[in-house]
There are 2 protein chains.
Amino acid sequence: MHVERKLETIFASDLRYLMVVSFIVLGNNAVTNRFIEQTYRMPVHAWSTLFAIVMFPGIRAKEIRHLFPRPQNTISRAVSLLDARGLIRQETSDADGREKRLHATPRGETVLAEIRGISRARQTELFEPLTDEERETFFRLARKIAEGPRLLESVAMGLDATGRSAAE
Amino acid sequence: MHVERKLETIFASDLRYLMVVSFIVLGNNAVTNRFIEQTYRMPVHAWSTLFAIVMFPGIRAKEIRHLFPRPQNTISRAVSLLDARGLIRQETSDADGREKRLHATPRGETVLAEIRGISRARQTELFEPLTDEERETFFRLARKIAEGPRLLESVAMGLDATGRSAAE
DNA sequence: GCCAGATAAATCCATATGGATCAATCTTTC
DNA sequence: GAAAGATTGATCCATATGGATTTATCTGGC
């Protein structure tokens with residue numbers, strides 16, 4: 001059985017909804033991660049962190065992890081890298097000495113604008129198989145999933161939103 | 001601005017199609033990866049490798065990486081782990097001495113059946129915000145993206161399907 | 001005013017990852 | 001039949017990752 005037939009068999013299986021999303025993401029990750037790492041010498045979550053900082057000046061690290069669900073120390077390390085590269089600056093919050101308020105530097109805004117343009121082109125080619133109407137439908141449905149109550153926690157897998165076993 | 005408003009702003013941005021898919025995947029990965037790693041002591045791509053082997057007895061490692069686009073040595077290592085756990089067995093191909101034909105053991109099939117059941121439940125809760133018709137529509141559109149010509153390669157990012165710069 | 005508990009971010013470190021390289025085998029050309 | 005180039009999978013190793021812990025600060029109860 002040729003590999004294309006195997007893929008069709010998977011996309012006809014009872015797990016096809018998970019499998020098709022997984023396939024899209026693995027494929028896109030392979031392309032996007034390699035590009036970002038090779039071109040900007042940073043992991044892909046550093047650019048998404050910069051994206052959040054440019055879009056919301058003064059944002060805090062804990063807020064970023066709600067926009068891009070990743071471990072807290074992954075965000076912390078991305079912030080350190082961006083700071084070391086001179087792409088952001090941190091200022092301790094007046095309200096709470098533990099918090100850092102994050103701002104992009106002009107250089108950070110330039111780098112982000114460049115990545116953003118390329119990401120827009122990548123988005124266009126990725127979604128090219130869909131008509132405009134289909135793309136809006138896809139987005140509307142994906143957003144319902146994204147805002148659903150069981151994205152970040154699971155009864156089936158016994159985990160609450162903090163990643164802790166819900167039985168604890 | 002509250003973090004929910006920030007998420008809405010991102011989902012209204014020019015990169016919203018990529019961002020919503022990214023959000024779904026990061027969220028689901030956080031749940032699924034942790035569950036698989038804690039419960040079965042294996043990385044998530046080991047179970048997807050086992051899934052492929054159970055579904056297609058005799059499959060080769062190179063074919064698996066077309067079903068789940070990952071680095072070749074990631075598949076190799078997953079195969080080694082599954083073999084060490086007694087979940088699969090490898091036999092050298094008659095046709096080509098370099099190839100391994102992969103088969104699940106009875107124990108591998110048992111473990112896969114268990115994971116599969118939990119994954120089905122997880123899939124159900126993840127897609128619960130959608131009606132049956134919406135879920136089929138989502139799948140149909142996602143599949144068009146998955147089968148599009150620009151998933152595994154990119155003009156925008158200058159990479160061909162082997163991950164090599166297309167200019168080379 | 002003190003203190004226990006909670007919170008925000010940094011750091012640690014055992015383990016995982018992935019590009020590069022290697023070894024064995026196969027295919028094509030001469 | 002030999003050899004160069006290609007292919008398949010294993011291994012290497014520098015770097016990344018993420019759960020756990022630590023440090024500094026804040027909050028609420030007494």
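We use all heavy atoms of the structure for the numbers below, so side chains are in, but hydrogens, waters and symmetry mates are not. Proteins come first, then strands; the chains are lettered A, B, ... in the order of their sequence lines, and each starts at number 1.
- When the side-chain nitrogen and oxygen atoms of B:T74 are compared with OP1 and OP2 of C:dG18, one or more of them lie within a distance under 4.0 Å.
- Going from atom CD1 of A:I36 over to atom C1' of D:dA16 covers 16 Å, rounded to whole Å.
- Side chain of A:E128 to main chain of A:Q123: no donor-acceptor pair is present (N/O by atom type, distance under 3.5 Å, no hydrogens or angles).
- One interatomic measurement links the two molecules: CZ of A:R70 to C1' of D:dG19, which rounds to 16 Å at whole-angstrom precision.
- Dashed line: the shortest gap from a side-chain N or O of B:H45 to OP1 or OP2 of C:dA16 is not under 4.0 Å.
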N/O contacts under 3.5 Å, protein versus nucleotides 6-9 of chain D?
| unit_1 | atom_1 | unit_2 | atom_2 | d |
| --- | --- | --- | --- | --- |
| D:dT7 | O2 | B:R98 | NH1 | 2.4 |
| D:dT8 | OP1 | B:K62 | NZ | 2.6 |
| D:dT8 | OP2 | B:K62 | NZ | 2.9 |
| D:dG9 | OP2 | B:K62 | N | 2.9 |

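- A side-chain hydrogen bond (donor to acceptor under 3.5 Å, both in side chains) with B:H2 holds for exactly one of B:K6, B:R5, B:E4; it is B:E4.
- The backbone N or O of B:N28 lies less than 3.5 Å from a partner atom in the side chain of B:T32, making a donor-acceptor pair.
- If you measure from atom CG of A:N73 to atom P of C:dC13, you get 14 Å, rounded to the nearest angstrom.
- In this structure, the CD atom of A:E91 is 16 Å from the C1' atom of C:dA9, given to the nearest Å.
- Where A:G97 and A:V44 each meet DNA chain D at their nearest nucleotide, the meeting point lying more 5' is that of A:V44.
- Note: B:Y17 and A:F127 have tilted aromatic rings, judged against thresholds of 30 and 60 degrees for the angle between ring planes.
- Between B:L102 and the options B:V79, B:V54, B:T49, a side-chain contact (heavy atoms from CB on, under 4.5 Å) holds for only B:V79.
- The distance from atom NE2 of A:H66 to atom P of C:dA9 is 11 Å, rounded to the nearest whole Å.
- One interatomic measurement links the two molecules: CG of A:L81 to P of D:dT17, which rounds to 10 Å at whole-angstrom precision.
- Here the side chain of A:S80 pairs a donor or acceptor atom with the backbone of A:S76 at under 3.5 angstrom.
- If you check distances only, the side chain of B:R77 does reach the base of C:dG18 with a donor-acceptor pair under 3.5 Å.
- The separation between A:I59 atom CD1 and C:dA8 atom C1' is 14 Å, rounded to whole Å.
- The nearest whole Å value for the distance from the CD1 atom in A:I75 to the P atom in D:dA16 is 16 Å.
- Relative to the six-membered ring of B:F11, A:R143 misses at least one condition, a distance below 6.0 Å or an angle of at most 45° to the axis.
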